[in-house]
Amino acid sequence: MFYLTIGVLIFIVIFYFIITEKISSAWATMLGGLVMALIGILNEEQALKAIYERLEILLLLIGMMMMVHIISETGVFQWFAIKVAQFTKGEPFRLIVMLSLITALCSAFLDNVTTILLMAPISILLANELRIDPFPFVMTEIMSANIGGLATLIGDPTQLIIGSEGELGFNAFLANTAPMAIISMIILLGNVYFFYCRKMHISRDLKIRIMEIDSSRSLKDIEVLKVSMIIFSMVLIGFVLNNFINKGLAIIALSGAIFLVVLTKKEPKEILVNVEWETLFFFIGLFMMITGIENLHIIDFIGNKLADFTKGNFKLALISITWLSGMFTSVIGNVANAATVSKIVNVMLPTFQGQDNLNALWWALSFGSCLGGNLTILASATNVVAVAASKKAGCKIDFVKFLKFGASISIQTLLVATIYLLVRYN
């Protein structure tokens, strides 16, 4: 009982620090995991095993971060955004649609935090040039990044965790979660048009100004861009074909990253300093904390209670996991939610052995984590980063303003996701 009380207290305190940002999230989870180890909730072997079992996630992220950094240095993201603005001829809704689709597509295959860091300032720049409120531009892109991350295994760290726990491959996510991502984008853009874009009116002179922006000035190194695109395309092909070549996502990503570093003649220090170590240490600490909570049998308890509540009713289980994940995500963040609820799903799985479409429980968790990630600023690292970047660029988004927009989108998409699950996996 002592360990149970202390363990729950540590968990609550650590997430209080994360939510209030009193301590860096990386140091908070590391502190939580290490304190659990020091007082005996888990031993060193269990702590190291918690990291080892998810090492593929960490190495995959490192490889992707290295490649994205090199690609971003070429200025291709900014160039592409400006070209899209000119393609839409400054029409606000068409501009939002195109920028959002680019964001969603990039987030499906790149780190969505990096994507939003690159896209948000460009969107604010374009909105300011058109003399319209940048808020719907930024918020639509934040939502698009989280929705785009739903589409693939590598689109969001939550997907990597779910894929690892459920032993699900790249193509499985593409076939099962990508359709819901497309539906969610339609819902998002419909809301944006109805509530914002109908009121936007741009003068002809301002549209001409957008057309005069020289996009070529954004490109900094064409040769590096060519090499980067070839290597990155090969990595993506490797991800898609992984079920056949069986090389592993981490090996493919790291191979692409190292080949790209060597071919572009980058120094190790230059590349490694731009790896998001804070994110990686956040995951390491989180994995240790989740193992500690497992040792206290809290996850077993919640999983068994949820299994008792659903009483073998598969549809009720799908609904429960989807909405429980959405609620948890809004408070503790989608990564922590995926790491925690994935354990609950594993506890529930034996209850439904023999049931067709058993993997639908994992898709329910995926929908709850990614779509719930749009609910509050705290629900996703993408949200926090985007709001901070927007503030620097002159567009302040507070918690309540975010909630009013995000809650509407999140609830609508979760409702549709629930229907999608019940209909497709009946």
Legend entry - Heavy atoms from other residues, nucleotides or ligands near CZ of Phe135 exceed 12 (cutoff 6.0 Å): yes
Inset, instruction - Using the salt bridge (Lys or Arg N to Asp or Glu O under 4.0 Å) rule, collect all pairs that involve residues 27-43, keeping only residues at least two apart or in two chains. - result: none
Legend entry - Polar side chain donor-acceptor pair, Thr152 to Gln159, under 3.5 angstrom: no
Legend entry - Whether Ser369 side chain and Ser366 backbone form a donor-acceptor pair below 3.5 Å: no
Inset, instruction - For the residue pair Ser380 and Asn146, confirm or rule out a side-chain donor-acceptor distance under 3.5 Å. - result: yes
Inset, instruction - Evaluate the side chain to side chain contact (heavy atoms under 4.5 Å, CB included) criterion for residues Val416 and Ser184: first the C-alpha distance (whole Å), next the side-chain angles of each, then the deciding distance (0.1 Å), finally the verdict. - result: CA-CA 8 Å; Val416 174; Ser184 297; over 6 Å; no
Legend entry - Inter-residue atom distance Ile187.CD1 - Gln412.CD, 0.5 Å rounding: 6.5 Å
Inset, instruction - Taking Thr376 for its side chain and Ser330 for its backbone only, find out whether a donor-acceptor pair lies under 3.5 Å. - result: yes
Legend entry - Atom of Leu365, atom of Ala338 and distance for their closest heavy-atom approach: CD2-O, 4.2 Å
Inset, instruction - Report the distance from atom CD1 of Ile71 to atom OG1 of Thr264, rounding to the nearest 0.5 Å. - result: 10.5 Å
Inset, instruction - Please check if the side chain of Asp398 supplies one atom and the backbone of Lys401 the other of a donor-acceptor pair under 3.5 Å. - result: yes
Inset, instruction - Find out whether Tyr193 and Ile96 are in side-chain contact, i.e. whether some heavy atom of one side chain is under 4.5 Å from a heavy atom of the other. - result: no
Inset, instruction - Can you sort out the partners of Phe367 under ring pair (Phe, Tyr, Trp, His ring centres under 6.0 Å), two or more places apart, ordered by chain and number? - result: Tyr420
Legend entry - salt bridge (Lys or Arg N to Asp or Glu O under 4.0 Å) contacts in which one or both residues fall within residues 36-52, not counting sequence neighbours: Lys49-Glu53
Inset, instruction - May I ask you to say whether Glu73 pairs ionically with Lys220, meaning some side-chain N is under 4.0 Å from a carboxylate O? - result: no
Legend entry - Separation of Phe287 CZ from Leu58 CG (nearest 0.5 Å): 5.5 Å
Legend entry - Whether over 12 other heavy atoms sit under 6.0 Å from Met98 CE: yes
Inset, instruction - Flag yes if more than 12 heavy atoms outside Phe93 fall under 6.0 Å of its CZ atom; otherwise flag no. - result: yes
Inset, instruction - Verify, without hydrogens or angle tests, whether Gln46 (side chain) and Thr291 (backbone) share a donor-acceptor contact under 3.5 angstrom. - result: no
Inset, instruction - Give a yes or no on whether the backbone of Glu165 and the side-chain of Trp362 come within a donor-acceptor separation of less than 3.5 Å. - result: no
Legend entry - Tyr196/Phe405 aromatic ring centres below 6.0 Å: yes
Inset, instruction - Could you tell me whether the side chain of Ile10 reaches within less than 4.5 Å of the side chain of Ile6, counting heavy atoms only? - result: yes
Inset, instruction - For the residue pair Glu141 and Ser123, confirm or rule out a side-chain donor-acceptor distance under 3.5 Å. - result: yes
Legend entry - Atom of Met66, atom of Val275 and distance for their closest heavy-atom approach: CG-CG2, 3.8 Å
Inset, instruction - Carefully, step by step, assess Val261 and Glu267 under the rule side chain to side chain contact (heavy atoms under 4.5 Å, CB included). - result: CA-CA 8 Å; Val261 168; Glu267 292 295 324; over 6 Å; no
Inset, instruction - Identify, with sequence neighbours excluded, every residue that meets side-chain hydrogen bond (donor to acceptor under 3.5 Å, both in side chains) alongside Thr329. - result: Asn337
Legend entry - Side-chain donor/acceptor of Ser408 to backbone N/O of Lys404, under 3.5 Å: no
Legend entry - Steps toward side chain to side chain contact (heavy atoms under 4.5 Å, CB included) verdict (Val335, Phe282): CA-CA 10 Å; Val335 172; Phe282 171 81; 3.9 Å; yes
Inset, instruction - Could you check if a side-chain atom of Ile162 sits within less than 4.5 angstrom of a side-chain atom of Phe173, using non-hydrogen atoms only? - result: yes
Inset, instruction - Determine the minimum heavy-atom distance between Ile41 and Gly7, stating which atoms define it. - result: CD1-CA, 3.7 Å
Legend entry - Heavy-atom side-chain proximity of Leu34 to Met30 below 4.5 angstrom: yes
Inset, instruction - Spell out, as yes or no, whether a donor-acceptor pair under 3.5 Å connects the side chain of Thr322 to the backbone of Gly368. - result: no
Inset, instruction - Might you work through the side chain to side chain contact (heavy atoms under 4.5 Å, CB included) test for Asn374 and Ile147, ending with a clear yes or no? - result: CA-CA 8 Å; Asn374 284 330; Ile147 291 171; 3.8 Å; yes
Legend entry - For Thr418, all residues meeting side-chain hydrogen bond (donor to acceptor under 3.5 Å, both in side chains), sequence neighbours excluded: Trp323
Legend entry - Pairwise distance CG(Leu9) to CG(Leu4) - rounded to 0.5 angstrom: 11.0 Å
Inset, instruction - Kindly indicate whether the side chain of Asn359, heavy atoms from C-beta on, has any atom under 4.5 Å from the side chain of Asn176. - result: no
Legend entry - Beyond-backbone contact of Ser228 with Met67, side-chain heavy atoms, under 4.5 angstrom: no
Legend entry - From Leu324 atom CG to Ile344 atom CD1, the distance as rounded to the nearest 0.5 Å: 6.0 Å
Inset, instruction - List the atom of Leu318, the atom of Ala364, and the distance in Å for their closest heavy-atom pair. - result: O-CB, 3.7 Å
Legend entry - Closest non-hydrogen atom pair between Ser100 and Thr140, with its separation: OG-CG2, 2.9 Å
Inset, instruction - Answer yes or no: is there a donor N or O on one side and an acceptor on the other, between the side chain of Ser410 and the main chain of Gly406, under 3.5 Å? - result: no
Legend entry - Side-chain donor/acceptor of Asn383 to backbone N/O of Gly373, under 3.5 Å: yes
Legend entry - Sequence neighbours excluded - ring-ring contact (aromatic ring centres under 6.0 Å, His included) pairs with any residue from residues 16-46: none
Inset, instruction - Please report the closest heavy-atom contact between Trp277 and Ile62, naming both atoms and the distance. - result: CZ3-CD1, 4.3 Å
Inset, instruction - Working to the nearest 0.5 Å, report the span between CG of Leu361 and OG of Ser320. - result: 10.0 Å
Inset, instruction - Keeping the roles fixed (side chain from Thr351, backbone from Met348), state whether a donor-acceptor pair exists under 3.5 Å. - result: yes
Inset, instruction - Report yes if some heavy atom in the side chain of Ser24 is under 4.5 Å from a heavy atom in the side chain of Glu278; otherwise report no. - result: yes
Inset, instruction - Would you indicate whether the side-chain heavy atoms of Leu101 and Leu105 approach each other to under 4.5 Å? - result: no
